[in-house]
Amino acid sequence: MKKLFLIFLVAFGFCAGLSAQQITRFGVVDTTRVYQAYFKNSASVRNYDSKKSEFQNEINKRTDEIQKLKQQKADYENSGNTAQVAKIDAEIMKKTDNLSDYTRAKNTELESLKRNLQNSDAFYKKLYNVIERVAEAEGFSMILSLQQGNGILWYSQSVDVTDKIISELGL
């Protein structure tokens, strides 16, 4: 009888210990999706998108010019006009270098605009308040960002609170 009582106490203690443990729950947020939903109608993002489109149009225009020059060069090579080939070859090199410089400068400008948009203090203050509210309401111990989570190799969609965050932000 004592042996059965002892087994009962050990089993009861083990079960009580299990129920006393807190289960840690993690959630994830796709901050890029939240950012896009939040800023999709803002003037700053429209300005960024407009500049990006403008720069891409200019790059396309310059690329087309270079392609036309390459075609002219091929035509001159076929006709044996070496003087024109050399002249056009120099022009192609100059325009290619200019295109590379233009692209590098405009990408730097766009990256700076994007960084300024993403570092909006008002947006992130509101975002973190909403994340905190959703995490506490859903019982999460920690919310991880998918963008800064190089260690996240897999996650269940059940822990993704992105849609809840977007909804709480009123978007």
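Just so we're clear, the structure is a prediction, and the values are computed from it rather than from any experiment.
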Margin query: Is there a continuous path of hydrophobic side-chain contacts, each under 4.5 Å between heavy atoms, that joins Phe26 to Leu146?
Written below: yes
Distance col, row Ser100:OG vs Lys95:NZ, nearest 0.5 angstrom, shows 13.5 Å
| message | Less than 4.0 angstrom from a charged side-chain N to a carboxylate O is my criterion; do Glu58 and Arg62 meet it? | response | yes
Between the CD atom in Glu91 and the CD1 atom in Ile66, the distance rounded to the nearest 0.5 Å is 10.0 Å
Closest non-hydrogen atoms of Lys51 and Leu113, given as atom of the first, atom of the second and distance, are CD-CD1, 3.5 Å
Only residue of Val29, Thr31, Asp30 satisfying side chain to side chain contact (heavy atoms under 4.5 Å, CB included) with Ser145 is Thr31
Exercise. Do Leu99 and Met93 share a hydrophobic cluster (ILVMFWY, side-chain heavy atoms under 4.5 Å, transitive)?
Worked result: no
Is there side-chain contact between Arg33 and Asp163, with heavy atoms separated by less than 4.5 Å? yes
Got Lys61 and Asn57 here, is their nearest side-chain heavy-atom distance under 4.5 Å?
-> no
Q.
Within the 4.5 Å heavy-atom criterion, are Lys87 and Tyr76 side-chain neighbours or not?
A. no
- request: For the residue pair Asn107 and Glu111, confirm or rule out a side-chain donor-acceptor distance under 3.5 Å.
  value: no
Exercise for review: Please confirm whether the backbone N or O of Val85 pairs with a side-chain atom of Asp89, one donor and one acceptor, at under 3.5 Å?
Suggested key: no
Val130 and Glu168 have their tightest heavy-atom pair at CG1-CB, 3.3 Å
When you look at NZ of Lys106, are more than 12 heavy atoms from neighbouring residues, nucleotides or ligands closer to it than 6.0 Å? yes
Separation between CD1 (Ile165) and CZ (Arg133), nearest 0.5 Å, reads 8.5 Å
Residue pair Thr162 / Asp160, side-chain donor-acceptor N/O under 3.5 Å: yes
TODO: Indicate yes or no for a side-chain donor-acceptor contact from Arg25 to the backbone of Glu138 under 3.5 Å, with no hydrogens or angles considered.
DONE: yes
Checking Ile143, Val34, Val161 against Ile131 for side chain to side chain contact (heavy atoms under 4.5 Å, CB included), the one that qualifies is Ile143
Quick one: does any side-chain atom of Ser53 pair with a main-chain N or O of Asp49 as donor and acceptor, under 3.5 Å? no
Output for pair (Lys126 NZ, Asn129 CG), nearest 0.5 Å, gives 10.0 Å
Would you say Thr63's side chain and Ile59's backbone share a donor-acceptor pair under 3.5 angstrom?
-> yes
Q.
Between the side chains of Asp101 and Arg104, is the shortest nitrogen-to-carboxylate-oxygen separation below 4.0 Å, so that they form an ion pair?
A. yes
dist Glu54:CD -> Asn47:CG (nearest 0.5 Å) comes out at 9.5 Å
Under a 4.5 Å cut-off applied to non-hydrogen side-chain atoms, are Leu69 and Lys73 in contact? no
Separation between CG (Asp97) and CD1 (Ile92), nearest 0.5 Å, reads 12.0 Å
